[in-house]
Amino acid sequence: MARAPSSILIFLRQNPRARQNPNTQIRYHTTETKECDFTEVAQHICKIIRTKPRWEQTLPSEYPSFNFSDPQFFTELLKLQKNVLLSLRFFFWLSSHNGLSPDPISCKALFSALVEAKACNAAKSFLEHTSFSPEPASLESYIQCLCEGGCIQDAIDVFYRLKEAGVCPAIMTWNAALSGCLKVGRTDFVWKLYQEMIECGVVADVDVETVGYLIQAFCADNRVSEGYELLRQVLVNGLVPENAVFNKLISGFCKEKQYTRVSELLHTMIAKNRAPDNYTYQEVINWLCKKGKGLEGLRVFNDLKDRGYAPDIAMYTTMIHGLCTMGWLGEARKLWFEMIEKGYHPNEYTYNTMIHGFCKIGNFEKAKILYKEMCNKGHKETTVSYNAMMTGLCLHERTDEAYGLFQEMHQKGIVRDLITYNTVIQGFCKEGKIVESMNLFRELLAQGLQPSTYSYTPLIQKLCQVGAVQEAKGLWNDMKNLGLEPIVGTHDYIIIGLCDQGDAAEGMEWFIEMLNSKLKPKQETLGRLVECLTQRDRLDDSLLVLEFMFRTGYALEKGICHSLVNKLCWEDNHFVETCLGEILEGK
DNA sequence: CTAGGGTTAG
């Protein structure tokens, strides 16, 4: 079989015994002497791997016998080749085609380059495919790289690797890791790492950045007061965290409606030269609106403008959203135009917010006009934009239309997420179309989506209402098994469903269960339960429930009261007296 | 040089 000379040489390199042939040996030596100018060759290789997508096939013929295995060569290539992923590909090619085991110098250079380029997945796969073991300093940079790329679990593994080697990373590395944990919402890892910091003694080096992350972790865990306490301590020591830290505390306290603390923090910021920024105020406005103080939010917004702050597009969107949530579409629309006048063009967020606002009040004509405008401006239709329209339709008993959009999404290849499914499931349930709802629910599961409490809630509610309590209880168990916590109201529906079936005993069990979980059933639920218990002559239980009702300040409907008193009269007059006395007291 | 932050179910 005829072979091109170059392939023969490659063949020879991979089969050392063939080199014994004197003819080929001469050639081998001549080419080897030519190889000294690494830079020149590296430059050429660089160009080839950058410009030729299929260089793996052509490279052997271009450099039939170059000694690529020299670490000097690869280091040179790395310097020249800015795209580190291309170098990585070349590296793997070298080791698989030249049959060489990677040398530590090249490995180290390549690994550092990958880490520096923040190519954390590439760095990970590099370590997996070679037996290379980086030095501690290299691993520290690797940790930072992993954290920035969101691979927290991998980063923590490297921490333990260093710990086993008896190395305690520098504070910078810990900070990077803490920051990474916060970004992916893993406060559990923050506290775990902090524990490690204490153990290895690095805690003495803790700086204002570390403290900032700990405060933010407290806030994320809804332990805002503890975060605030920590802030006060560091302020005493003259350390002032970044705005982001103050902002997290402020939104935390806004969430808890602790406006005194919010105001304290704003004053501290000004006193410590950390002037509250757009973002600070945006959070304040956002939470005021969410907590039903939209008017206050609007006042803050207007004050800011009066004082010369220039709200940016995100701030406008927040305010418009707040106004839409309260149903103040007129005010929202006014801000919309004001924003445009100031030169901010509505973006995807602004459009979706406004569209949702119109949908919510049932003004689908306006919503559709905006929707078209949004598309004409080059914004793509998204899961969010579809969800907004569908939410509005379902809210106004137009679930069939919403379902039309649901199918349209599929045709257009727009991803349907959990919110999409939950919205339509709820819509169908509200209209009593339980079969359609269940089908959608099954489809949700089949799509591999993780259902939420609110996927189950409307289904359980409706099933109870149509008398299918057994099926409802089945779903309840599925939900619990997934670790999802039902909302309070769901208990109520099951109790009422059980009572409707005349199953007073189990209704009573669910009531006790609620008490044990410190949950408060609704007045209507308990009235229904008393009625059912009375009908079944479970008068002791009736009185037990009644007692709870009175303690809670609930009243019992007249009719139910009558039948209970009637039953009691048959049994024991003394009870009736006490009962009546208490009822009168209760009212 | 300027990120972060803002939109959809309940």
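None of these values were measured; they are calculated from a predicted model. Below, chain A is the first sequence line, B the second, and so on; all start at residue 1.
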How long is the line joining [atom1] of [X] and [atom2] of [N], in whole Å?
X	N	atom1	atom2	value
A/Asn387	B/dT8	CG	P	10 Å
A/Trp287	B/dG6	CH2	P	10 Å
A/Glu348	B/dG6	CD	C1'	12 Å
A/His356	B/dA9	NE2	P	4 Å
A/Tyr386	B/dT7	OH	C1'	17 Å
A/Phe441	B/dA9	CZ	P	20 Å
A/Leu418	B/dT8	CG	P	15 Å
A/Lys380	B/dT7	NZ	P	20 Å

Does the [N] base have a donor-acceptor partner in the side chain of [X] within less than 3.5 Å?
X	N	value
A/Asn247	B/dG5	no
A/Asp312	B/dG5	yes
A/Thr318	B/dG6	no

Exercise. Would you indicate which nucleotide in B/dG10, B/dG5, B/dG6 comes nearest to any side-chain atom of A/Gln426?
Key: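 That would be B/dG10.
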
Self-check item: Listed nucleotide nearest any side-chain atom of A/Asp277, set B/dG5, B/dG10, B/dG4
Solution: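 Out of B/dG5, B/dG10, B/dG4, the nucleotide with an atom closest to A/Asp277's side chain is B/dG4.
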
Flag, side chain of [X] to backbone of [Y], donor-acceptor distance under 3.5 Å:
X	Y	answer
A/Gln81	A/Leu86	no
A/Trp510	A/His491	no
A/Glu381	A/Tyr386	no

Quiz item: Can you tell me if the side-chain N/O atoms of A/His379 get under 4.0 Å from OP1 or OP2 in B/dT7?
Solution: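 For B/dT7, OP1/OP2 do not have a side-chain N/O of A/His379 under 4.0 Å.
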
Quiz item: Are any of A/His321's side-chain N or O atoms less than 4.0 Å away from OP1 or OP2 of B/dG6?
Solution: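 No, no such contact exists.
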
Practice problem: Determine the interplanar angle of the A/Phe406 and A/Tyr403 rings, folded into 0 to 90°, and report it as parallel if under 30°, tilted if 30 to 60°, perpendicular if over 60°. | Solution: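 Geometry flag for A/Tyr403 against A/Phe406: parallel rings.
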
Self-check item: Test: A/Lys412 and A/Glu408 ion pair at under 4.0 Å
Solution: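 Salt bridge: yes.
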
Quiz item: Looking for any heavy atom pair under 4.0 Å, which part of the strands does A/Ile313 touch: base, sugar-phosphate only, or nothing?
Solution: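 If one applies the 4.0 Å heavy-atom cut-off, A/Ile313 turns out to touch a base.
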
